[in-house]
Amino acid sequence: MKLLNKVLEAALEDAIQAAQDSGKLPPFVIPRIPVSAPKRAGQGDLSYPAMGLAKLARKSPLDIANLIVGNMRELDFPCELKVAPPGFINCFFADEFLRLQVDAMIEAGDALFRLDIGRGKRAQVEFVSANPSGPITIGHTRGAVVGDAMARLLEAAGYEVQREYYYNNAGAQMVKLGRSLMLRYQQQLGDDVQLPADYYQGEYLVAAAADLVAEHGDTLRGESWERFKDAAESRMFDWIKRSLASIDIKHDAFYNETSLFESGKIWSVLDAMRGNGHIYQAAHWEGADETEIDDVRSKSYQPATWFRSTSFGDEKDRVMVKSDGAPTYTLPDIAYHSDKLERGFDIAVNVLGADHFSQAQVVSYGIEALGMNPEPIQVIFNQMVRAVRWNEETGEYEAVKQSKRAGEFDTLDDLVAMTGADAVRYHMLARSPNSQLDFDVDQVVKQSNENPVYYIQNAYVRCAGIFREAEERGFDDADADLNHLGEEELKFIRKALELGNVIEQAVVHYEPHKIAFFAHELAAVFHPIYDRARVLHSEVPVDAAKARLRFYRAAAVAFRRLLRLMGMSAPERM
RNA sequence: GCCUCUGUAGCUCAGUGGACAGAGCACCGGUCUUCUAAACCGUUGGUCGCAGGUUCGAGUCCUGCCAGGGGCGCCA
């Protein structure tokens, strides 16, 4: 299905051009013609404010609007154009066109409003990317939900999409994880050993140790920490994948940071940056002030390898290779993103927490230093998310501790157990990424009966109920005449036709939350109609009933499509 | 101090430079003999943080200020 506002935009531009050619409008460079759906009923289905041309054309907006309408060619879709003060051109879809859309929607099915803006293009979404040192926390969950919804929307826009997970199983944290499990294992065997305070205290390692004892007895006593690290890691990854699968999220590829070391990619990238004149050796960065220089002296650092990121607008240069010869995290990160671009993705979306802002910026500078265009790399920064609970004693909200312990309501598993996969997905998605999110667990549970989640799903359930009942009664819509549809049903079709633009906007601006709000709006149009436009009711004439049954099939397609775009289930009954 | 996000109804939040600023929750009052009332109908609720500026037009763009979150490491 075409994006109708794009069709109208093109036609309006042609009309302006035609008016200019015939001398009715003076020559000027035609600016962007923004056509959008007006907020208010009575202002049409699509609208263009011609006021913006007043200065260019040196005419009154009303005159301009009338001139444009007078020069319009016939559109692909039947509609009526009306001019409204102070200079709007409003487009009203013809009823016959809307009736045609009912069957078009049913035919489109799960591919409803699959766009062609990404046709032949490849997109990648990198998200979650938590290192395998513990369970998926509430913070990771937001990234997971937003990233997967973004991937689904890109697919809807026609892109071939890959979901990738980037991780590091090498660093000091993983050593600590291995040693933590080793100590827990020894404790299970009755040894009197203590876990240092900065080790992983989570209960899940106690369970892992118990499993090791059950499986291997005491035969692992004396094994190195690496053996335990491997055991912990594979257990953690299994857990992470299982948790993500519980909210219907699956990655296509897992990219290990270590491979960038093994392939030598980080060094070739560093050489390339050096070749472009952006790398230097020094004890402190070139623009260091006295405080920084004193600090370096006090640590008696040997020279390190610096990236002159200030050339690209950074506030200070960044270390790529430490004085001990080990790369910082940033170098492999730059190498990883250059690898992404070399793999030929037209778009590489990166879903990160807001705390990675500076890091992402340095990576972008690094890509520039390689002589590559960083533009395909787009980052969605999610602001902080935390689980909160109401504290009766203090009378305020308190953050649930980030303990990584089961039962503390701060892991994905806990959230799903308490509220359900669909509720987690909806509440995590239905917020602008720029907005901080306090996930009030008690509230989500308490309100579950009057939740937007169920409000939307119930629209689909109600359709499914009609189909079930119709089948039982042997009633079908085979020869339905859609002329029997009323204003209200057509109003729903009008609203549903906005879905294409919502998908387009969500993709172009990397704002997957738009789909969640639209789903709620569409449900709000649906429910009153369901109440009034009954199908299997003795007072409803057969012709109207058939038309309505056909209509509800289209509505079900729309809701199913929306729910799937959000990664939510479309249940047949509640 | 610098960078960045946020500030819109009692609460949680939407809001492509356009028309009279919108939802949900909460509150109050009504609706089920027909496809599930997890719904519908109605009422109440606003100095869009403050002050300037740009514009025919600003919740939206710019500047300054106030308040809150996040980031400013030879950690990852």
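In what follows, chains are A, B, ... by sequence order, proteins preceding strands, each numbered from 1. Computation of the quantities below employed the complete heavy-atom set of this structure, encompassing side-chain atoms and omitting hydrogens, waters and symmetry-equivalent molecules.
For A:N350 and A:H356, the side-chain atoms include no donor-acceptor pair closer than 3.5 Å. No side-chain N or O of A:Y426 forms a donor-acceptor pair with one of A:N451 less than 3.5 Å apart. Between the side chains of A:D63 and A:S60, at least one donor N or O lies within less than 3.5 Å of an accepting N or O. Side chains of A:N131 and A:S133: a donor-acceptor N/O pair is absent below 3.5 angstrom, by distance only. Side-chain atoms of A:Y329 and A:N168 include no donor-acceptor pair closer than 3.5 Å.
Base orientation at B:C32 is syn, since its O4'-C1' glycosidic dihedral falls within 90° of 0.
Looking at heavy-atom distances under 4.0 Å, A:Q359 makes contact with a base. Within 4.0 Å of A:R573, counting heavy atoms only, lies at least one base atom of the nucleic acid. Among the heavy atoms of the strands, none lies under 4.0 Å from A:F381. Contact annotation for A:S323: base contact, defined as any heavy-atom pair under 4.0 Å involving a base atom. Counting non-hydrogen atoms under 4.0 angstrom, A:A304 reaches a base of the nucleic acid. If you check every strand for non-hydrogen atoms under 4.0 Å, A:G465 touches sugar and phosphate atoms only. Among the heavy atoms of the strands, none lies under 4.0 Å from A:N501. Residue-level contact check: A:N131 touches the backbone only, with heavy atoms under 4.0 Å from sugar-phosphate atoms and none from bases.
Straight-line distance from the NE2 atom of A:H537 to the C1' atom of B:U34: 5 Å, rounded to whole Å. Here B:G73 presents its P atom at 15 Å from NZ of A:K322, a figure rounded to the nearest Å. A:R40 places its CZ atom 7 Å from the P atom of B:A21, with the value rounded to the nearest Å. Taking atom CD1 of residue A:I515 and atom P of nucleotide B:A14, one finds them 16 Å apart after rounding to whole Å. Distance CZ (A:R386) to C1' (B:G68): 11 Å, rounded to an integer number of Å. The interatomic distance linking A:D198 (CG) with B:C75 (C1') rounds to 14 Å, in whole Å. Rounding to whole angstrom units, CZ of residue A:R534 and C1' of B:U33 are separated by 11 Å. Atom CG in A:N90 sits roughly 9 Å away from atom C1' in B:A19 (whole-Å rounding).
The P atoms of B:G53 and B:U60 are separated by 14 Å, rounded to the nearest whole Å. Separating the C1' atom of B:C75 from that of B:U6 is a span of 28 Å, rounded to the nearest Å. With both ends at atom P, the span from B:U8 to B:C13 equals 9 Å, rounded to whole Å. B:U43 and B:G49 have their P atoms separated by 27 Å, with the value rounded to a whole Å. B:G69 and B:U12 are spaced 15 Å apart, taking the P atom of each and rounding to whole Å.
Under the stacking criterion of a centre-to-centre distance below 5.5 angstrom and an interplanar angle below 30°, A:F88 sits stacked against the six-membered ring of B:A19.
Classification of A:R425 and A:D422 as a salt-bridged pair fails, no side-chain N sitting under 4.0 Å from a carboxylate O. By the 4.0 Å N-to-carboxylate-O rule, A:E487 lies too far from A:K491 to be salt-bridged with it.
The salt bridge (Lys or Arg N to Asp or Glu O under 4.0 Å) test applied to A:R142 returns no partner, not counting sequence neighbours. Listed by chain and residue number, A:D198 satisfy the salt bridge (Lys or Arg N to Asp or Glu O under 4.0 Å) test with A:K176 (two or more places apart in sequence, or in another chain). In this structure A:Y455 satisfies the ring pair (Phe, Tyr, Trp, His ring centres under 6.0 Å) test together with A:H520, A:H527, sequence neighbours excluded. Here A:F559 pairs with A:F492, A:F526 under the ring pair (Phe, Tyr, Trp, His ring centres under 6.0 Å) rule; sequence neighbours left out. Legend: residues meeting ring pair (Phe, Tyr, Trp, His ring centres under 6.0 Å) with A:F28, ordered by chain and number and at least two apart, are absent. Residues that satisfy the ring pair (Phe, Tyr, Trp, His ring centres under 6.0 Å) test with A:F237, not counting sequence neighbours, are A:Y165, A:Y167, A:F254.
Contact annotation: side chain of A:S47 to base of B:A19, donor-acceptor pair present below 3.5 Å.
Picking from B:G70, B:C35, B:U34 the nucleotide with the shortest atom distance to the side chain of A:D355 gives B:G70. Minimum atom distance to the side chain of A:I466 is reached by B:C35, of the listed B:C35, B:A19, B:C40. In this structure, the nucleotide among B:A19, B:C13, B:U36 sitting nearest to the side chain of A:R431 is B:C13. Nearest to the side-chain atoms of A:Y329 among the listed nucleotides B:A76, B:U36, B:U34 stands B:A76.
Where A:P85 and A:P34 each meet RNA chain B at their nearest nucleotide, the meeting point lying more 5' is that of A:P34. In this structure, A:E257 and A:L437 both approach RNA chain B, and ranking their closest nucleotides by distance from the 5' end singles out A:L437.
Across residues 280-302 of chain A, A:A283, A:Y301, A:Q302 each have a non-hydrogen atom less than 4.0 Å from an atom of RNA chain B (numbered order). RNA chain B is contacted by A:H513, A:K514 of residues 506-514 of chain A, taking any non-hydrogen atom closer than 4.0 Å.
To the nearest 0.5 Å, atoms NE2 (A:H284) and CZ (A:R297) are separated by 6.5 Å. Residue A:F518 holds its CZ atom at 5.5 Å from NZ of A:K495, rounded to the nearest 0.5 Å. For the atom pair CD of A:E504 and CZ of A:F113, the computed distance is 11.5 Å after rounding to the nearest 0.5 Å. Here the CG-CD distance, from A:L4 to A:E498, works out to 10.5 Å after rounding to the nearest 0.5 Å.
For the pair A:Y455 and B:C40, the criterion of a side-chain N or O lying under 4.0 Å from OP1 or OP2 is met. Proximity of A:K39 to the phosphate of B:A19: a side-chain N or O atom is located under 4.0 Å from OP1 or OP2.
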Measure all distances between protein nitrogen or oxygen atoms and nitrogen or oxygen atoms of nucleotides 55-58 of chain B, and list the pairs falling under 3.5 Å.
residue: B:C56; atom: OP1; partner: A:K55; partner atom: NZ; Å: 2.2

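Between A:Y552 and A:Y530, the ring-plane angle classifies as perpendicular under the 30° and 60° cut-offs.
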Whether each nucleotide of nucleotides 3-8 of chain B has a protein heavy atom under 4.0 Å at its base (B), only at its sugar-phosphate (S) or at neither (-) is summarised, 5' to 3', as -SSS--
Reading RNA chain B 5' to 3', what string of ( ), [ ], | and . shows its pairs, if Watson-Crick and G-U wobble pairs count only when both distances fall under 3.5 Å? (((((((..((((....[...))))..((((.......))))......(((((..]....))))))))))))....
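A salt bridge (Lys or Arg N to Asp or Glu O under 4.0 Å) check over residues 301-314 of chain A, counting only residues at least two apart or in different chains, returns the pairs A:E286-A:R308, A:D314-A:R318.
Only one option out of A:L8, A:L81, A:I89 pairs with A:Y48 in a side chain to side chain contact (heavy atoms under 4.5 Å, CB included); it is A:I89.
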